[in-house]
Amino acid sequence: MAKDKFKISFCEATAAAFKSLYADKYENAGDVQIFSSNFIYENLEKPKDPSMGRFALPVFRFGKLLEDKPPSIAAKVAPESNKFLSSSQNGPAIVIIEAAGGFLNARPNAELAASSTIEAVLAAGKDYGNSTVGQQRKILIEYSSPNIAKPFGVGHLRSTMIGNSLRKIFKALDYDTMGINFLGDWGTQFGKMIVAYRKWGSEDTLKNNSAQNLLELYVKFHETAKEDSSLDDDAREAFKKLEQGEKSEVELWEKFKNISRTEFDRIYKMLGVEFDWVTSESFLNDKMAAAIESLEKAGLTSISESALIVDIDDPQLPPVLLRKADGATLYATRDVAGLFYRWQEYKFYQSLYVVGSAQSDYFKQLFKLIELKEKAESLSDNDRMSGKVKHIEFGWVKFGDKAMSTRQGNIVILEDVIDKAAELAKKRIKEKNPKLKTIEETSRIIGTGAVIFSQLSVRRQKDVRFDWDQVLNFEGETGPYLQYTHARLCSLLRNYDGKVTTDIDFALLAGNEESRVIDLLADFPDTVEDAARDYDPFYIAAMLLKLAGAFNRFYQRKNAQGKIDRILSDNKELSAARIALVKSVQLVINKGLYLLGLEAPQEM
Ligand code: ARG
């Protein structure tokens with residue numbers, strides 16, 4: 001846990017205050033460790049209204065133990081804590097504690113907060129927000145995982161961006177992090193592709209713009225199969241041959257795979273997405289038999305209507321189907337084999353599957369199956385992967401704007417989305433800064449930034465409503481807004497002719513606007529940990545929006561004469577202090593954008 005010295009002082013003083021006021025309740029505290037400063041630290045919250053303070057302790061849950069009403073507890077503890085604070089230090093109080101209803105609100109001394117925060121940010125530079133909590137423990141994160149021979153749709157985009165960001169976040173916290181792409185390259189759809197190719201395709205189909213041609217085959221198969229069900233029988237037959245390793249089927253399958261891989265790699269490059277291990281369903285083909293055998297040994301399998309199943313003993317969930325009556329294995333069979341494989345190979349601390357909530361029940365089934373097996377084998381906690389495997393689910397991506405062109409069927413193609421975003425970004429940049437030299441490159445950065453940010457700026461469990469006007473609004477809660485703020489900060493730094501140092505008068509940064517910015521900068525390390533704890537980059541996205549907003553209010557603040565109070569002026573001392581704050585904000589926005597997977601332009 002990243003520790004904030006203001007919070008520590010608050011917690012120590014408050015724990016001491018509780019002890020002195022409620023000494024008689026000390027014995028009965030049990031697991032409510034209100035007399036311990038660590039416990040208080042864990043229970044700190046952020047006040048709804050930031051003007052109330054930077055952090056707060058709600059005292060409601062201690063009413064019973066202390067046999068007192070929450071507002072009365074807060075009213076007694078606040079002055080007592082302030083006493084402890086002032087007796088433990090010389091000079092100005094490091095935090096000021098106030099009672100408000102059932103809360104103890106705390107506000108760091110503005111000048112001390114400015115110096116300690118800005119010094120910490122500038123000393124750490126790019127590493128600000130990093131920590132060592134992970135202690136090199138192994139975390140596997142599976143994300144993206146599109147299906148070969150199908151288009152990369154916006155459905156896979158959200159998984160890709162959440163996973164890519166989590167990989168960076170966990171790395172920053174010193175976890176030994178492994179990003180995995182698990183491609184869907186096995187299953188009956190390849191029988192369909194083979195049949196479609198033989199019916200309507202030719203060598204040329206695999207040559208020019210071939211991913212698009214594969215998609216056309218895929219769509220045509222489904223359209224035709226609606227009328228003629230014999231096609232589905234042919235597809236099953238072709239897949240069977242593929243499973244048996246028949247040469248001509250395997251060759252075609254390899255070709256489809258290569259075409260899709262090239263296409264996906266292009267998309268990942270465009271999005272700046274990275275993996276440490278690209279694997280696929282077919283990698284597990286030769287590992288399924290052993291997996292099934294171990295489940296049989298554990299006494300978990302049974303035969304139902306000639307199929308091999310595991311009844312997972314849960315009224316809400318159907319059994320896991322491992323082998324169909326005709327001997328064919330399934331998606332779940334490969335996933336089970338993959339679970340065993342990853343556990344054996346990596347003995348992970350955690351293994352995450354970033355997959356949409358449509359597959360929630362499916363992952364519940366898989367994890368229940370693992371739990372039953374490990375119970376049956378009476379493994380020790382250390383040897384169990386149960387509890388270490390997690391489904392990181394997320395909501396749907398919905399297109400509000402129906403005008404979005406889809407070249408085929410109703411699949412929204414990611415590349416179309418990014419192209420259109422870049423085109424719109426270019427228009428805006430041309431209006432704002434027609435002289436910009438790097439206009440092509442910058443509009444790409446802004447366009448992809450807009451698309452990526454739209455996926456991360458709502459809590460992961462919620463649906464994303466993708467709306468063109470919203471995602472590209474330079475003034476809205478968007479990626480481009482953050483990128484634009486970053487460019488503005490860089491331009492201020494370019495225009496400052498001195499060196500940025502912390503050898504400044506921090507009292508010049510004690511104003512309300514500055515304090516709000518500083519509070520948010522100080523919160524950044526905890527925000528990164530919050531994002532890791534809930535596996536949700538949203539925390540960082542939300543904090544950056546607040547930070548950019550707070551900075552822009554500082555930037556646009558007017559003085560008593562109603563004129564903009566410029567950051568850089570003839571007042572050397574004031575400019576030097578303000579530019580240190582500007583540099584700190586630039587570093588944090590840059591780092592935050594990096595953790596989300598967005599590029600931060602210097603100019604736009
Ligand atoms: N390829 C699958 C799909 O597109 C997602 C795979 C998710 N990961 C897994 N281990 N099942 O639906």
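Here the structure is a predicted model, which is why all the values come from computation and not from measurement.
Atom OH of Tyr341 sits about 15.0 Å away from atom CE of Met288, to the nearest 0.5 Å. Taken to the nearest 0.5 Å, the OG1 atom of Thr301 stands 7.0 Å off from the CG atom of Leu295. Note that the NZ atom of Lys241 and the CG atom of Leu252 stand 12.0 Å from one another [nearest 0.5 Å]. Distance CD/Gln365 to CD1/Ile370: 12.5 Å, rounded to 0.5 Å. For the atom pair OG of Ser145 and CD1 of Ile180, the computed distance is 9.0 Å after rounding to the nearest 0.5 Å. Within the model, atoms CG of Asp467 and OG of Ser454 stand 10.5 Å from one another, a figure rounded to the nearest 0.5 Å.
Listed by chain and number, the residues in a ring-ring contact (aromatic ring centres under 6.0 Å, His included) with Phe348 are Trp343 (sequence neighbours excluded). With sequence neighbours left out, Glu377 forms a side chain to side chain donor-acceptor pair (under 3.5 Å) with Lys373. Partners of Arg460 according to the salt bridge (charged side-chain N to carboxylate O under 4.0 Å, His left out) rule, which considers only residues two or more places apart in sequence or in another chain, do not exist here. Under the rule for a salt bridge (charged side-chain N to carboxylate O under 4.0 Å, His left out), the partners of Lys255 that lie at least two apart in sequence or sit in another chain are Glu203. Arg459 pairs by the salt bridge (charged side-chain N to carboxylate O under 4.0 Å, His left out) definition with nothing, not counting sequence neighbours. Residues passing the side chain to side chain donor-acceptor pair (under 3.5 Å) test with Thr188: none are found, sequence neighbours excluded.
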**Message:** Test salt bridge (charged side-chain N to carboxylate O under 4.0 Å, His left out) on Arg54 and Asp4; report intermediate values, then the result.
**Reply:** CA-CA 12 Å; Arg54 185 197 287 175; Asp4 171 325; 3.2 Å; yes
**Request:** Could you walk me through whether Glu274 and Asn164 pass side chain to side chain donor-acceptor pair (under 3.5 Å), step by step?
**Result:** CA-CA 7 Å; Glu274 291 172 317; Asn164 187 58; over 6 Å; no
**Test log, rule salt bridge (charged side-chain N to carboxylate O under 4.0 Å, His left out), inputs Arg342 and Asp335** = CA-CA 10 Å; Arg342 290 180 199 180; Asp335 255 330; 5.6 Å; no
**Request:** Would you sort out whether Glu263 and Arg266 count as a salt bridge (charged side-chain N to carboxylate O under 4.0 Å, His left out), showing the intermediate values?
**Result:** CA-CA 5 Å; Glu263 170 80 356; Arg266 210 166 49 79; 3.1 Å; yes
**Message:** Pair Asn213, Ser210 - check side chain to side chain donor-acceptor pair (under 3.5 Å), show working.
**Reply:** CA-CA 5 Å; Asn213 296 339; Ser210 36; 5.8 Å; no
**Message:** One pair to check against side-chain contact (heavy atoms from CB on, under 4.5 Å): Val397 and Leu157. What are the steps and the verdict?
**Reply:** CA-CA 9 Å; Val397 182; Leu157 172 66; over 6 Å; no
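Summarising the local packing, NZ of Lys388 is surrounded by more than 12 heavy atoms from other residues, nucleotides or ligands at distances under 6.0 Å. By the neighbour-count criterion of 12 heavy atoms within 6.0 Å, atom OH of Tyr594 is sparsely surrounded, having that number or fewer from other residues, nucleotides or ligands. Few gaps surround NZ on Lys287; more than 12 heavy atoms of other groups in view lie less than 6.0 Å from it. Residue Lys347 places its NZ atom among more than 12 non-hydrogen atoms of other residues, nucleotides or ligands, all under 6.0 Å distant. For Lys390, the NZ atom sits in a packed shell: over 12 heavy atoms of surrounding residues, nucleotides or ligands are nearer than 6.0 Å. Counting heavy-atom neighbours within 6.0 Å of Trp396 CH2, excluding the residue itself, gives a total of 12 or less. A 6.0 Å sphere centred on CD of Glu374 holds more than 12 heavy atoms belonging to other residues, nucleotides or ligands.
The shortest distance between side-chain heavy atoms of Asp536 and Phe394 does not fall below 4.5 Å. Side-chain contact check for Leu122 versus Tyr128: every heavy-atom pair is 4.5 Å or farther apart. In this structure the side chain of Met161 reaches within 4.5 angstrom of the side chain of Val273, judged on heavy atoms. Here the side chains of Val278 and Phe275 are in contact, with some heavy-atom distance below 4.5 Å. The shortest side-chain heavy-atom distance between Thr485 and Phe551 falls under the 4.5 Å cut-off. You'll find the side chain of Asp176 stays beyond 4.5 Å of the side chain of Phe170, heavy atoms only. By the 4.5 Å heavy-atom criterion applied to side chains, Gln135 and Tyr175 are not counted as neighbours. Residues Val464 and Lys398 fail the side-chain proximity criterion, which asks for heavy atoms closer than 4.5 Å.
In this structure, Phe152 has its ring center under 6.0 Å from that of Tyr268. You'll find the ring centres of Tyr331 and Tyr362 inside the 6.0 Å limit. Ring centers of Tyr143 and Phe182: at least 6.0 Å apart, outside the cut-off. A ring-centre distance under 6.0 Å is not found for Phe256 and Phe190. For Phe239 and Trp253, the ring centers sit 6.0 Å or farther from each other. Aromatic ring centroids of Phe466 and Trp468 lie under 6.0 Å apart.
Using the six-membered ring where Trp is involved, His222 and Tyr218 have ring planes that are tilted, between 30° and 60° apart.
Contact detail for Leu456 and Ala541: the closest heavy-atom pair is O-CB, 3.8 Å. Across all their heavy atoms, Leu317 and Ile312 have their closest contact at CB-CD1, 3.8 Å.
Each of Gln602, His486, Glu599 was scored for a side chain to side chain donor-acceptor pair (under 3.5 Å) with Asn590, with one residue passing: His486.
A salt bridge does not link Lys368 with Asp311: every distance from a Lys NZ or Arg NE/NH1/NH2 to an Asp or Glu carboxylate oxygen is 4.0 Å or more. A salt bridge links Arg167 with Asp276; the closest basic N to acidic carboxylate O contact falls under 4.0 Å.
Checked by atom type and distance alone, the side chain of Ser165 never pairs as donor or acceptor with a backbone atom of Ile162 at under 3.5 Å. Remark: side-chain polar atoms of Glu142 are not paired, donor with acceptor, to backbone N or O of Leu352 under 3.5 angstrom.
Side-chain polar atoms of Asn147 and Gln189 form no donor-acceptor pair below 3.5 angstrom. In this structure, a donor-acceptor pair under 3.5 Å is absent between the side chains of Ser386 and Glu371. A donor-acceptor pair shorter than 3.5 Å cannot be found between the side chains of Asn130 and Lys171. For the residue pair Gln350 and Tyr535, a side-chain donor N or O sits within less than 3.5 Å of a side-chain acceptor on the partner. Using modelled atom types, one finds a donor on one side chain and an acceptor on the other under 3.5 Å when comparing Gln586 with Lys583. Side chain to side chain, Ser282 and Asn285 fail the donor-acceptor criterion of an N or O pair below 3.5 Å.
Lys138 forms no cation-pi arrangement with Tyr349, by the criterion of a distance under 6.0 Å to the ring centre and an angle within 45° of the ring axis.
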